[in-house]
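The figures that follow rest on heavy atoms only: side chains count, while hydrogens, waters and symmetry mates do not.
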Amino acid sequence: MNIGILSLQGDVEKHGSVLRSLGIDFFFVRYADELIELDGLIIPGGESTTLTHLMKKNKLFQSIQLFAKNKPILGTCAGMIMMSKKSNHRLVTPLGIMDIEVDRNAYGRQVFSFVDDLPVRINGHTEKIKATFIRAPKITQWGKDVEILAEYNKEPCAIKQGMHIALSFHPELNGINIFHKEAFINHKAERKSKPSYAA
Ligand code: GLN
């Protein structure tokens with residue numbers, strides 16, 4: 001299995017360490033033709049306005065939207081903003097991969113970044129993790145197909161829709177691999193265990 005880490009800008013390297021901890025091979029990707037080799041993609045945190053600019057420059061919008069139709073994407077922080085269908089900033093063009101609307105920087109400025117305990121419901125059980133929020137976005141609206149994996153102060157901050165996962169925080173900064181595992185390993189197992197209807 002090969003997972004791509006979108007490496008246009010932002011917090012890229014630490015996702016590699018998380019994937020390594022799961023024994024998953026990965027590539028740093030920047031261009032649309034590199035998506036062909038991949039079984040999944042990570043859109044890391046950074047700055048969603050800059051990501052928008054660079055994704056437009058590298059003509060990645062349509063390719064990532066197509067990719068999302070049958071391969072899982074994990075987006076963290078600015079990555080989640082990019083996966084949403086609507087954000088509150090005119091310089092952000094989201095991909096519309098997940099049925100959520102987000103409010104950028106809703107947890108406040110850089111100085112209000114924090115780490116806190118967060119219980120997560122994932123793969124049939126609850127796990128308590130440490131979650132790092134850095135100028136994090138809030139999910140303000142979500143559709144009925146969106147599964148909430150975790151809430152902070154009663155607001156969703158980790159969600160799953162179909163095979164995709166989006167997080168307001170940065171699991172890679174605390175070496176948390178449960179979301180990468182769910183998106184890229186468990187999801188694959190789910191697909192494999194589906195009955196075949198072939199005659
Ligand atoms: N505030 C950033 C944005 O709007 C996201 C911050 C992050 O990814 N840590 O894109």
Novice: Taking all non-hydrogen atoms of both residues into account, name the closest pair between Phe61 and Met82 and its distance.
Specialist: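 So the two residues come closest at CZ-CE, 4.1 Å.
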
Novice: Could you pull out the closest heavy-atom pair between Ala166 and Met80, with the gap in Å?
Specialist: CB-CG, 3.5 Å

Novice: Can Asp103 and Asn88 be counted as having a side-chain donor-acceptor contact under 3.5 angstrom?
Specialist: yes

Novice: Salt bridge (charged side-chain N to carboxylate O under 4.0 Å, His left out) between Lys130 and Asp117: does it pass, once the steps are laid out?
Specialist: CA-CA 5 Å; Lys130 291 255 179 265; Asp117 290 331; 2.5 Å; yes

Novice: For His15 and Glu13, which I'm curious about, is there any donor-acceptor pair between the side chains at under 3.5 Å?
Specialist: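 There is no such pair between these side chains.
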
Novice: To the nearest 0.5 Å, how far apart are CD in Glu155 and CD1 in Ile148?
Specialist: 10.5 Å

Novice: Which of these, Val115, Thr76, Leu118, Asn174, sits in a side-chain contact (heavy atoms from CB on, under 4.5 Å) with Phe169?
Specialist: Leu118

Novice: Quick one: does any side-chain atom of Asp39 pair with a main-chain N or O of Asn2 as donor and acceptor, under 3.5 Å?
Specialist: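 Checked: pair present.
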
Novice: Consider only side-chain heavy atoms of I, L, V, M, F, W and Y, link residues closer than 4.5 Å, and tell whether Leu149 and Ile185 are in one cluster.
Specialist: yes

Novice: Is it true that atom CZ of Phe112 has more than 12 heavy atoms of other residues, nucleotides or ligands lying nearer than 6.0 Å?
Specialist: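 No, because the 6.0 Å sphere around CZ of Phe112 holds 12 heavy atoms or fewer from other groups.
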
Novice: Which heavy atom in Pro137 sits nearest to a heavy atom in Tyr107, and how many Å separate them?
Specialist: O-CE1, 3.5 Å

Novice: Where the side chain of Gln9 meets the backbone of Glu47, is there a donor-acceptor pair that is under 3.5 Å apart?
Specialist: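 Side chain of Gln9 to backbone of Glu47, a donor-acceptor pair under 3.5 Å: yes, one is there.
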
Novice: Identify every side-chain donor-acceptor pair in residues 89-102 under 3.5 Å, counting partners at least two apart or on other chains, and give the distances.
Specialist:
{"from": "His89", "atom 1": "ND1", "to": "Leu91", "atom 2": "N", "distance (Å)": "3.0"}
{"from": "Thr93", "atom 1": "OG1", "to": "Lys56", "atom 2": "NZ", "distance (Å)": "3.0"}
{"from": "Asp99", "atom 1": "OD1", "to": "Lys85", "atom 2": "NZ", "distance (Å)": "2.7"}

Novice: To the closest 0.5 Å, what do you measure between CG (Leu173) and CD1 (Ile134)?
Specialist: 5.0 Å

Novice: Distance alone, cut at 3.5 Å: any donor-acceptor contact between the side chains of Ser113 and Arg135?
Specialist: no

Novice: When rounded to the nearest 0.5 angstrom, what is the spacing between CD1 in Ile73 and CG in Leu41?
Specialist: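 Rounded to the nearest 0.5 Å, the CD1-CG separation comes to 5.0 Å.
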
Novice: Pick out which of Leu74, Leu6, Leu8, Ile5 makes a side-chain contact (heavy atoms from CB on, under 4.5 Å) with Ile43.
Specialist: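 One option only clears the test, and that one is Leu6.
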
Novice: What's the spacing between Leu167 CG and Ile139 CD1 if we round to 0.5 Å?
Specialist: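 Here the rounded value is 8.5 Å.
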
Novice: Nearest 0.5 Å, what's the CG-NE2 distance between Asn186 and His180?
Specialist: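 NE2 of His180 is found 13.0 Å from CG of Asn186.
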
Novice: Decide whether Met83 and Leu60 are clustered together by the hydrophobic rule: side chain heavy atoms of Ile, Leu, Val, Met, Phe, Trp, Tyr closer than 4.5 Å, transitively.
Specialist: yes

Novice: Has Glu37 got a side-chain atom pairing as donor or acceptor with Glu34's backbone, closer than 3.5 angstrom?
Specialist: no

Novice: At their closest point, which heavy atom of Phe179 faces which heavy atom of Ala158, and how far apart are they?
Specialist: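 Smallest heavy-atom distance, with atoms named: CE2-CB, 4.3 Å.
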
Novice: Around atom CZ of Phe114, are there more than 12 heavy atoms of other residues, nucleotides or ligands at under 6.0 Å?
Specialist: yes

Novice: Applying a strict under-4.5 Å side-chain criterion to I, L, V, M, F, W and Y, I'd like to know whether Val12 and Ile81 cluster together.
Specialist: no

Novice: For the residue pair Pro119 and Ala150, what are the closest heavy atoms and their distance?
Specialist: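 The pair with the smallest heavy-atom distance is O-CB, 3.6 Å.
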
Novice: Nearest 0.5 angstrom please: His170 NE2 to Phe133 CZ, how far?
Specialist: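 Taking NE2 in His170 and CZ in Phe133, the distance rounds to 10.0 Å.
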
Novice: For the residue pair Ala136 and Ser168, what are the closest heavy atoms and their distance?
Specialist: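 Looking at all heavy atoms of both residues, the shortest contact is CB-O, 3.4 Å.
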
